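To start, the structure itself, in structure tokens.
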Amino acid sequence: MKVALLTDKFATGGGLEHIYQLCRGMPDVQFGVFGKDGEAREKFAAMPNIQLFFDTEVRTVNAFGPDIVHYHHLRPLLSTSMPRARSLFTVHGVHLHKFEFQSGLRAKLGRMARLVLEKFLYRRVDRFITVSTEDRAFLLQHYGVDSTTIYNGIDFAPIEQARGPKEALRRCLGLPLNKQIYLTVARFDFPKGYDVLVHAIAQLQRENAANDRVFVFAGDGALLEATQALAASLGVSGHIMFLGRRTDVYKLMTAADVFVLPSRWEGLPLTLIEALVARLPAVASRTYGNATVQRETGDNVRLFENENPSDLAHALQHPPSFTPCDLAPFQLAKMVESTRKVYLDQ
């Protein structure tokens with residue numbers, strides 16, 4: 001079987017990691033991975049069942065000769081027109097959600113235009129995969145499109161191998177030993193809601209409830225400097241550690257006490273699942289994707305009202321405790337085999 005996997009760009013992120021794990025998990029399938037060149041292409045280099053292509057033009061895809069064209073981003077669906085193969089689209093979160101957080105005529109028109117465009121493009125797709133139950137319901141309601149829900153899966157082993165004595169890890173990582181550590185791992189972008197979290201930290205400070213807590217932010221992105229400026233303007237920079245992009249996230253999770261994910265919306269957040277595998281309780285926004293994880297893992301995730309800093313501040317003062325739970329729905333092997341079944345059913 002030959003499968004063309006189409007994304008926007010070879011850029012580090014959850015969508016490309018999903019593609020990488022599909023390729024890694026199906027060594028018997030010949031994959032062509034198509035997208036604009038980027039730094040993350042290197043991780044695919046040593047895989048014998050992969051060919052890399054740095055565009056998504058229909059002639060390039062057809063020249064590969066795929067049995068299935070599997071889209072992971074809307075832009076390639078626009079550029080490839082109608083390839084000569086069966087088509088599949090995995091929705092890694094619904095970008096239309098961004099208009100739920102905007103007001104005014106311009107936002108209303110933008111939402112309508114995006115919805116019309118997506119409805120038109122989705123007619124080119126034979127079958128859909130969604131990564132959360134919320135997104136499946138959203139697609140059915142707003143696009144009239146049904147889908148197969150396959151949760152994002154992760155490899156538990158590297159997380160479990162990163163475990164160690166918390167105090168020793170904190171010393172190694174340069175983290176304080178005498179404070180509660182609240183960890184957030186996400187890119188600095190509007191959907192991730194870092195601004196909501198910074199405002200919640202400011203409320204904790206006003207309530208004299210911030211001194212025994214430190215907030216560790218791991219990641220980079222377009223809004224990193226703006227978030228740092230917001231923290232400075234609110235006088236809470238002393239409670240936040242901006243670590244930038246890290247390659248030792250699993251050690252950070254083991255060293256922390258609580259994971260915080262203040263996203264405005266998600267597809268199905270890998271970092272939230274990873275934190276739970278690391279036995280880290282979580283505080284997360286009540287939104288798409290996060291709600292799916294909470295339903296599967298119960299009281300290990302406390303949800304706060306989306307975009308509400310006051311409710312988040314309260315949740316941060318009363319985080320859950322971690323109790324063992326069944327994380328099998330999020331195992332990598334389950335995601336890979338469920339996707340293989342869709343390929344064979346196409």
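Here the structure is a predicted model, which is why all the values come from computation and not from measurement. For the numbers below, each heavy atom of this structure counts, side chains included, while hydrogens, waters and symmetry mates do not.
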Fill in: Member of T148, D146, T130, T149 meeting the side chain to side chain donor-acceptor pair (under 3.5 Å) criterion with R136
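Per the side chain to side chain donor-acceptor pair (under 3.5 Å) rule, the option paired with R136 is D146, out of T148, D146, T130, T149.
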Discussion item. If you define the side chain from C-beta out and look only at heavy atoms, does anything of M335 sit under 4.5 Å from Y151?
Written reply: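 No, too far: nothing below the 4.5 Å cut-off.
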Discussion item. Contact between T254 and L280 at the side-chain level, heavy atoms closer than 4.5 Å - yes or no?
Written reply: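 No, side chains not in contact.
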Using 4.0 Å as the upper bound for N to carboxylate O, is an ion pair formed by [Y] and [X]?
X	Y	result
E167	R170	no
R111	E100	no
E160	R279	no
R245	D220	yes
K179	D257	no
R114	E118	yes

Report yes or no: is the cationic atom of [X] (NZ for Lys, CZ for Arg) closer than 6.0 Å to the six-membered ring centre of [Y], at no more than 45° off its axis?
X	Y	value
K108	F99	no
R264	F190	yes
K36	F10	no

Discussion item. With no hydrogens and no angle check, just 3.5 Å: does a side-chain donor-acceptor pair link E266 and S263?
Written reply: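 Per modelled atom types, E266 and S263 side chains form a pair under 3.5 Å.
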Worksheet item: Side chains of Q203 and S310: is there a donor and an acceptor less than 3.5 Å apart?
Response: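 On atom types as modelled, these side chains qualify, holding a pair under 3.5 Å.
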State the [atom1]-[atom2] distance between [X] and [Y], to the nearest 0.5 angstrom.
X	Y	atom1	atom2	value
T133	L268	OG1	CG	9.0 Å
R286	N308	CZ	CG	11.5 Å
Q317	E207	CD	CD	5.5 Å
F54	D37	CZ	CG	4.5 Å
L169	M253	CG	CE	13.5 Å
I240	F242	CD1	CZ	4.5 Å

Worksheet item: Which is it for L234 and V198 under the side chain to side chain contact (heavy atoms under 4.5 Å, CB included) test, yes or no, and what are the steps along the way?
Response: CA-CA 8 Å; L234 295 175; V198 172; 3.9 Å; yes
Discussion item. Run F128 and Y122 through ring-ring contact (aromatic ring centres under 6.0 Å, His included) and show every step you take.
Written reply: CA-CA 9 Å; F128 290 83; Y122 282 173; 5.0 Å; yes
Worksheet item: Is there a side chain to side chain contact (heavy atoms under 4.5 Å, CB included) between F64 and K2 once you walk through the steps?
Response: CA-CA 8 Å; F64 173 67; K2 296 182 74 173; 3.7 Å; yes
Look at the side chain of [X] and the backbone N and O of [Y], then say whether any donor-acceptor pair between them is shorter than 3.5 Å.
X	Y	result
D311	F304	no
Q21	V336	no
R41	G38	yes

Worksheet item: Aromatic rings F101 and W265: how do their planes relate, parallel, tilted or perpendicular, breaks at 30° and 60°?
Response: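 Parallel.
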Item to complete: Under the ring-ring contact (aromatic ring centres under 6.0 Å, His included) rule, what do H97 and H95 come out as? Steps first, then yes or no, please.
Response: CA-CA 5 Å; H97 292 324; H95 293 286; 9.0 Å; no
Practice prompt. Could you check H73, H72, H70 and say which one makes a ring pair (Phe, Tyr, Trp, His ring centres under 6.0 Å) with H18?
Written response: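 Running ring pair (Phe, Tyr, Trp, His ring centres under 6.0 Å) over H73, H72, H70 with H18 returns exactly one hit, H72.
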